[in-house]
Structures are given as structure tokens and as C-alpha cells.
Peer 1: 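Please find one structure pasted underneath; my questions will follow.
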Amino acid sequence: QVQLVESGGGLVQAGDSLRLSCATSRRTFSDYGLAWFRQAPGKEREFVASISTTSLTTFYGDSVKGRFTISRDYARNTVDLQMNSLKPEDTAVYYCAAGDQPKPITDWSKDDYNYWGQGTQVTVSS
């Protein structure tokens with residue numbers, strides 16, 4: 001069973017930084033493409049960033065490009081999301097997701113991710 005556990009959310013001010021982590025098993029970490037999504041109240045779940053199994057490919061949503069960085073920590077079996085220059089519009093519940101589709105991760109849609117974490121709240125005040 002694939003388990004994903006997010007941590008690191010909180011309340012910060014605009015312009016601050018925050019780092020989210022998603023812990024998983026070693027097998028999930030090595031065999032699955034991993035991603036972060038977010039969902040604000042009343043809105044659809046939005047793609048934030050993804051990373052391939054080899055870490056050679058990373059992909060970002062337009063709204064976070066240049067501010068957020070996704071990475072794998074091979075010592076801790078986590079996928080991390082470094083969020084810089086945070087804006088109030090980044091406020092959302094952030095979800096970690098995992099999938100194993102046989103195609104480039106840049107071609108994955110939200111429905112291609114089979115497993116989801118419970119989410120962690122990020123609130124950015126102005």
C-alpha cells in the first residue's frame with residue numbers, strides 16, 4: 001500500500017519561504033513519479049510541480065515557475081517542495097501525489113496520479 005505523508009505547512013507572510021516534505025516508503029520513492037498539487041477553497045485542485053523517478057525531469061505549473069523547486073531527498077525518501085517569494089494566492093491545501101504511468105511525467109494529468117496524501121495547509125498573509 002502506498003502511503004504519502006505531507007508536512008511543513010503553516011502560516012507565513014507574503015515574501016517568506018516555506019519547505020514542504022512528503023514522506024513515503026523506499027519502494028514508492030524509487031518506483032513512482034511524484035508531484036505536488038494544491039487546492040484553494042472553492043477552486044479545482046491545481047498542479048504545482050512534478051519530478052520523475054530519476055529526478056532528471058522536473059515540471060512546474062506556470063503560477064509557481066521560478067519561485068518553487070521540487071526535489072527528491074534520497075537519504076530521507078521524501079519529495080520536497082521549496083517555496084520562495086510566497087504570495088497570498090499561494091494559500092491552499094498542498095497535496096503530495098504518486099503515479100507510475102508509462103509516459104513522460106510532463107504528459108501526466110491529475111488523473112494519472114494513483115495515490116494522494118492527506119494534505120498540509122499553507123496560508124500566506126498579505
Side-chain angles (χ1 to χ4, degrees):
Q1 184 177 358
V2 175
Q3 289 189 322
L4 304 166
V5 180
E6 301 97 335
S7 62
L11 172 63
V12 296
Q13 293 186 330
D16 286 351
S17 298
L18 201 60
R19 189 176 185 88
L20 304 182
S21 287
C22 173
T24 185
S25 67
R26 180 175 297 180
R27 178 180 177 184
T28 301
F29 181 82
S30 60
D31 292 350
Y32 286 78
L34 299 169
W36 287 94
F37 287 75
R38 67 187 183 185
Q39 188 166 17
K43 294 189 176 181
E44 295 282 324
R45 191 165 295 190
E46 175 192 18
F47 170 77
V48 175
S50 61
I51 188 166
S52 63
T53 54
T54 62
S55 297
L56 291 177
T57 301
T58 57
F59 190 50
Y60 295 92
D62 289 340
S63 61
V64 306
K65 206 170 293 183
R67 300 188 297 124
F68 291 10
T69 303
I70 189 171
S71 61
R72 288 176 181 261
D73 187 322
Y74 289 85
R76 296 164 55 229
N77 292 331
T78 62
V79 57
D80 300 331
L81 185 69
Q82 177 66 41
M83 306 186 293
N84 299 329
S85 303
L86 282 162
K87 305 175 182 179
E89 51 263 44
D90 293 319
T91 295
V93 177
Y94 283 71
Y95 296 91
C96 180
D100 59 352
Q101 305 301 325
K103 56 184 178 180
I105 200 167
T106 51
D107 295 339
W108 295 17
S109 69
K110 183 173 58 179
D111 293 338
D112 287 323
Y113 291 90
N114 310 99
Y115 305 99
W116 296 82
Q118 82 289 349
T120 185
Q121 176 71 45
V122 172
T123 303
V124 184
S125 63
S126 57

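These numbers come from a predicted model, not from an experiment.
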Peer 1: How long is the straight-line distance from OG of Ser25 back to CG of Leu4, given to the nearest 0.5 Å?
Peer 2: 8.5 Å

Peer 1: Under a 4.5 Å side-chain heavy-atom rule over Ile, Leu, Val, Met, Phe, Trp and Tyr, are Val2 and Phe37 clustered together?
Peer 2: no

Peer 1: Kindly compute the distance separating CD (Gln82) from OG (Ser71), expressed to the nearest 0.5 Å.
Peer 2: 8.0 Å

Peer 1: Any idea which heavy atoms bring Tyr95 and Gly117 closest together, and the distance?
Peer 2: CD2-O, 3.6 Å

Peer 1: Return the set of residues passing side chain to side chain contact (heavy atoms under 4.5 Å, CB included) with Asp73 (not counting sequence neighbours), or none when no residue passes.
Peer 2: Ala75, Arg76, Thr78, Asp80

Peer 1: Could you report the tightest heavy-atom contact between Ala14 and Pro88, atom names first, then the distance?
Peer 2: CB-CD, 4.1 Å

Peer 1: Please check if atom NZ in Lys65 has more than 12 non-hydrogen atoms from other residues, nucleotides or ligands closer than 6.0 Å.
Peer 2: yes

Peer 1: List the residues meeting side chain to side chain contact (heavy atoms under 4.5 Å, CB included) with Phe29, not counting sequence neighbours, and say none if there are none.
Peer 2: Thr24, Leu34, Arg72, Tyr74, Asn77

Peer 1: Set out, in order, the CA-CA distance, both residues' side-chain angles and the distance that settles side-chain contact (heavy atoms from CB on, under 4.5 Å) for Gln3 and Thr28, then state yes or no.
Peer 2: CA-CA 8 Å; Gln3 289 189 322; Thr28 301; over 6 Å; no

Peer 1: Would the distance check show the side chain of Gln101 and the main-chain N or O of Ile105 forming a donor-acceptor pair, the cut-off being under 3.5 Å?
Peer 2: no

Peer 1: For the OG1 atom of Thr69 and the CG atom of Asn84, what is their distance to the nearest 0.5 Å?
Peer 2: 6.5 Å

Peer 1: When you group the ILVMFWY residues by side-chain heavy-atom contacts below 4.5 Å and let the links chain together, are Val79 and Tyr113 in the same group?
Peer 2: no

Peer 1: Should Lys110 and Glu44 count as side-chain neighbours, where that means a heavy-atom distance under 4.5 Å?
Peer 2: yes

Peer 1: Applying salt bridge (charged side-chain N to carboxylate O under 4.0 Å, His left out), which residue pairs with at least one partner in residues 90-102 are found, sequence neighbours left out?
Peer 2: Arg38-Asp90, Arg67-Asp90

Peer 1: My understanding is that only residues two or more places apart in sequence, or in another chain, count here; which of them pass side chain to side chain contact (heavy atoms under 4.5 Å, CB included) with Gln121?
Peer 2: Thr91, Val93, Thr123

Peer 1: Going by the disulfide bond (SG atoms under 2.5 Å apart) test, which pairs reach into residues 8-81, not counting sequence neighbours?
Peer 2: Cys22-Cys96

Peer 1: Is any side-chain heavy atom of Val122 less than 4.5 Å from a side-chain heavy atom of Val124?
Peer 2: yes

Peer 1: Applying the 4.5 Å side-chain criterion to the ILVMFWY set and letting contacts propagate, would Ile51 and Met83 be lumped into a single cluster?
Peer 2: yes

Peer 1: Between Thr57 and Thr106, is there a side-chain heavy-atom distance shorter than 4.5 Å?
Peer 2: yes

Peer 1: Give a yes-or-no answer on whether the side chains of Glu89 and Ser63 include a donor-acceptor pair shorter than 3.5 Å.
Peer 2: no

Peer 1: In this structure, would Trp116 and Trp108 fall into the same cluster of hydrophobic residues linked by side-chain contacts under 4.5 Å?
Peer 2: yes

Peer 1: Any ion pair linking Asp31 and Arg27 (charged N to carboxylate O, less than 4.0 Å)?
Peer 2: yes

Peer 1: For Thr120, enumerate each residue passing the side chain to side chain contact (heavy atoms under 4.5 Å, CB included) test, keeping only those at least two apart in sequence or located in another chain.
Peer 2: Glu6, Leu20, Tyr94

Peer 1: How close do Thr58 and Ile70 get, counting heavy atoms only, and between which atoms?
Peer 2: CG2-CG2, 3.8 Å

Peer 1: Answer whether the closest heavy-atom distance between the side chains of Tyr60 and Val48 falls below 4.5 Å.
Peer 2: no

